[in-house]
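What follows is one structure encoded as structure tokens, with my remarks underneath.
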There are 2 protein chains.
Amino acid sequence: MTSAQVGQRVAGFIAACRRQGVKATRQRMEILRELAATGEHPDAETVFSRVRRRLPSISLDTVYRTLHMLQEKGVIARVPSMQDRARFDANMDRHHHFVCTVCGRISDFYSAALDSFAPPPAVRALGAVDSVHIELRGRCRKCRSELKKNK
Amino acid sequence: MTSAQVGQRVAGFIAACRRQGVKATRQRMEILRELAATGEHPDAETVFSRVRRRLPSISLDTVYRTLHMLQEKGVIARVPSMQDRARFDANMDRHHHFVCTVCGRISDFYSAALDSFAPPPAVRALGAVDSVHIELRGRCRKCRSELKKNK
DNA sequence: TCGCAAATAGGAATTATTCCTATTATGAGA
DNA sequence: TCTCATAATAGGAATAATTCCTATTTGCGA
């Protein structure tokens, strides 16, 4: 996401806060900015250490609470993970994930073919589908390269 | 999974343990049996409380360690989750998940169309794909039914 | 049957996350 | 611009999920 786009996300968030009678604090803006600027789907501890560079007195509890508030308001999304830390995603466009099974990196990718995928009719027996999520698992370029070196 | 199939899973596990010089303890068998018998992708605490009915002195640490050992050996798989507890799956056949966004229930379903899905070529730029996982999110039948009642 | 080392149980410790409350800061209204 | 109410925060504490430690038990090969 470009700097301009990040700025727009934050500005839009501020406007939405005003509409909803929710305070647009500096902490909230910086947390969203950090999440919007990174494509790494970070956990709370990572967001905390990065935002602390600009807001040295921010608390970890504020980061946790704010991430959950942003998720609740649909501003960001939580990413399902096999790790023991919650991961978050500011990209709310329709997209998919590539997850490295070695280092845990999560990368976005787009695919019109995947977007247009329709769940098999038999799934209706399980319930009502609201969304489809595709996760590709494998080894990212970096880990592939390093694994080759080590063999 | 039928009782016969569960029994076969456990017997196969015992044989594999013997081959690998790893003890086939009663605890390990019961933990695998519980996971193989349930289609619920439970967390460690759930497995612990159920296995304890048959093995009253089992410890939670043993459940955690055994789930991780089974995962490491490829006997079971960890399920990516947005919850704060690790979830596990004994179904090692090619399948997909329907996840209820209300109650968290994870249900298996099968789809030859999904199985034959090929990742878009552009993904190669991200890394080497080993597997494709599709997760449908929505409201399970039970939660749909209850939500209708409450409205 | 025996013996060894892997595995376990029970309790403690660690880590990720949430709770508590005194203080601060946002922003509506004057 | 100022005031003030209250939402939000910081710092510290508590909780919950998971891992660690070690004395004891048990699986299984000989």
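Values below: every heavy atom of this structure, side chains too, minus hydrogens, waters and symmetry copies. Owing to the predicted nature of the structure, the values given are computational and were not obtained by experimental measurement. Convention: sequence-line order gives letters A, B, ...; per-chain numbering from 1.
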>> Need to verify one output field. Residue with the more 5' nearest nucleotide on DNA chain D, Arg26(B) or Arg78(B)?
In response: Arg78(B)
> Should Thr25(B) be listed as having a side-chain N or O under 4.0 Å from OP1 or OP2 of dT8(C)?
Replying inline: yes
>> Between His41(B) and His97(B) (judged by ring centroids, cut-off 6.0 Å), do the two rings come close enough to count as a pair?
In response: yes
> Within the pair Arg18(B) and dC28(D), is there a side-chain N or O less than 4.0 Å away from OP1 or OP2?
Replying inline: yes
> Under a 4.0 Å N-O cut-off, is there an ion pair linking Arg137(B) with Glu135(B)?
Replying inline: yes
> Among dA6(C), dT17(C), dG27(C), which nucleotide sits nearest the side chain of Ala86(A)?
Replying inline: dT17(C)
> Separation of Glu72(B) atom CD from dA6(C) atom C1', in whole Å?
Replying inline: 15 Å
>> Base, sugar-phosphate or nothing for Arg65(B)? Non-hydrogen atoms, less than 4.0 Å.
In response: base
> If only side-chain N and O atoms of His68(A) are considered, is one of them under 4.0 Å from the OP1 or OP2 phosphate oxygen of dT17(C)?
Replying inline: no
> Hey, does Leu60(A) reach any base, or is it just sugar-phosphate, or nothing, if we go heavy atoms under 4.0 Å?
Replying inline: base
> Among dA9(C), dA7(C), dT6(D), which is the nearest nucleotide to the side chain of Ser57(B)?
Replying inline: dA9(C)
>> If the cut-off is 4.0 Å, is Gln27(A) near the phosphate of dA10(D), judged by side-chain N/O to OP1 or OP2?
In response: yes
>> Rounded to whole Å, please give me the gap between CD in Glu45(B) and P in dT19(D).
In response: 13 Å
>> What is the distance, to the nearest angstrom, from the CE atom on Met69(A) to the P atom on dA8(D)?
In response: 7 Å
> Between dA7(C), dA9(C), dC20(C), which one does the side chain of Asp61(B) approach most closely?
Replying inline: dA9(C)
>> Using whole Å, what does the distance between atom P of nucleotide dT17(C) and atom CD of Gln83(B) come to?
In response: 14 Å
> How many Å lie between CZ on Arg52(B) and C1' on dT8(C), as a whole number?
Replying inline: 16 Å
> Would you call Arg50(A) and Glu40(A) a salt bridge, using N to O less than 4.0 angstrom?
Replying inline: yes
>> Looking at Arg124(A), I want to see if its CZ is surrounded by more than 12 non-hydrogen atoms of other residues, nucleotides or ligands under 6.0 Å.
In response: no
>> Can you tell whether the side chains of Asp84(B) and Arg85(A) come within less than 4.0 Å, N to carboxylate O?
In response: no
> Between Asp43(B) and Ala24(B), who's closer to the 5' end of DNA chain D by nearest nucleotide?
Replying inline: Asp43(B)
> Is the phosphate of dT18(D), meaning OP1 or OP2, less than 4.0 Å from a side-chain N or O of Tyr64(B)?
Replying inline: yes
>> Any carboxylate oxygen within less than 4.0 angstrom of a Lys/Arg side-chain nitrogen, looking at Asp130(B) and Arg139(A)?
In response: yes
> Atom NZ of Lys73(A) to atom C1' of dA8(D): distance rounded to whole Å?
Replying inline: 13 Å
>> Between Arg85(B) and dA16(C), is there a contact of a side-chain N or O with OP1 or OP2 at under 4.0 Å?
In response: no
> Between atom CG in Leu55(A) and atom P in dG11(D), what is the gap in whole Å?
Replying inline: 12 Å
> Which nucleotide in the set dT19(D), dT17(C), dG10(C) lies at the smallest distance from any side-chain heavy atom of Asp84(A)?
Replying inline: dT19(D)
>> From CG of Leu67(A) over to P of dA8(D), roughly how many Å is that when rounded to an integer?
In response: 15 Å
> Hey, does the side chain of Thr62(A) come within less than 4.0 Å of dA10(D)'s phosphate (OP1/OP2), counting only N and O?
Replying inline: yes
